[in-house]
Number of protein chains: 2
Amino acid sequence: MSKAEDLTKVKSCPTHFVLAINDTLNVLIGKWKLPIIGSLLFGKKRFRELEREIPRITPRMLSKELKDLEINGIVKRTVHDTIPVTVEYELTESGRSLNSVLDAMIEWGLDHRKMSIAPEKAA
Amino acid sequence: MSKAEDLTKVKSCPTHFVLAINDTLNVLIGKWKLPIIGSLLFGKKRFRELEREIPRITPRMLSKELKDLEINGIVKRTVHDTIPVTVEYELTESGRSLNSVLDAMIEWGLDHRKMSIAPEKAA
DNA sequence: TATAGTGCTATACTAAAGTATAGTGGTTAC
DNA sequence: GTAACCACTATACTTTAGTATAGCACTATA
C-alpha cells in the first residue's frame, strides 16, 4: 500500500502525512524557488551569478528566497572573508534529495499534459 | 539518469520539465486543494459533504477551488437532475494518479523533518 | 408560515506575495 | 574622483490569495 493511499486514513492520522506534504510544498512554493534550486543543481553559485542566471528576479526576492531556503535546510550559505566578501550558495543534501520529488512531479506533469486539454489554464 | 538530474539541462531545454513541474505545483498549491483532494480520495462527495468535512472552509473558497480542480482535470463534476439538484464531485484518473507525487512528497517531507532542526519555521 | 437543507454567487474586505526603485558600505580599476 | 562591482537592505507600492457576510432560487418538513 502506498503512502498516499494511507492518506485516506487521514481521519485517524491527519497530521503525520499532511504535515510532511506541506513541508515539501513549502520549500517549492513561490515564483522563484524552482529557478533558484534549478540553478543551484549546477553547483555552487554566488549572489550575482544567481541574479544574472535568473531573468527578472530582483535582489530583494533573491535575498528573501535564499533566506527561506536556508532556514528550511535546502541551501547552505558560506561567507568567505575575502575582500570584498564573497558569499556562496549551494544545495544541502536535503536540497539535492528533492530530486526524487521533482522526478515524480515531472512524470505526473508530462502524463497530465498528454491527457488534459487545457492544463495551461491553471491559476 | 533521473529526470530531475535532467533538470540540470535546464539551459538547453528549460520549458519541457519546468512547465511539467509547474503544472503539478499548480494543482496542489493553495490552502484548500490538499484537504479537498484528500477528502475525495475517500470517494464521491457532494458540495455540502465537503463543506462539512473540511473545517473552516467557506462556500466561496470551496466553489472556487473545485472549479480550479475541474478546469485542471483533477476533479469531475456530475449534476444529477433530482429535485433539488444534487451535484457530485470525484477525482478523475489524473487526480487519483497524483498518489505517486504525494508519495514522493510524504517521503521527502518525513526524511527532511528527521534531518532539519526547524522545518516548521517554513513560510 | 417558518425553518432548514440543496448548491452555490456577490460584494467587500484583509492579508500575503511579489515588484519597483533607490540606497548602503565596502573595494578595485581607470 | 568617478564609475563599477560585491552582497545586500529599505521603503513603498501593486497584485493575488483568502476571509467574512449576506443572499439567491429552489424544495421538503413541521
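Here is how names work: the chains are called A, B, and so on, in the same order as the sequence lines, proteins then strands, and each is numbered from 1.
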Within a strict 4.5 Å, meaning less than it, do heavy atoms of the [X] and [Y] side chains meet?
X         : Y         : value
Lys33(A)  : Val27(A)  : no
Lys44(A)  : Thr78(A)  : no
Phe47(B)  : Thr86(B)  : no
Leu102(B) : Leu28(B)  : yes
Glu107(B) : Val101(A) : no

Checking N1-N3 plus N6-O4 or O6-N4 for Watson-Crick, or N1-O2 and O6-N3 for wobble, each under 3.5 Å, the partner of dA30(D) is dT1(C)

Nucleotide by nucleotide, nucleotides 8-15 of chain D touches protein heavy atoms under 4.0 Å in the pattern (B base, S sugar-phosphate only, - none) BB-BB---

With a 4.0 Å limit, can you tell me whether [X] has a side-chain N or O closer than that to the phosphate oxygens OP1/OP2 of [N]?
X        : N       : result
Arg48(B) : dT6(C)  : yes
Arg56(A) : dT19(C) : no
Arg52(A) : dC5(D)  : no

Check for a donor-acceptor pair, side chain of Ser39(B) on one end and backbone N or O of Ile36(B) on the other, with a separation under 3.5 Å.
no

For nucleotides 25-30 of chain C, print each protein N/O atom paired with a nucleotide N/O atom at under 3.5 Å, atom names and distance only.
none

Partner set under side-chain contact (heavy atoms from CB on, under 4.5 Å) for Pro84(A), not counting sequence neighbours
none

Could Glu70(A) and Lys67(A) be called an ion pair, given the rule that one side-chain N must be under 4.0 Å from one carboxylate O?
no

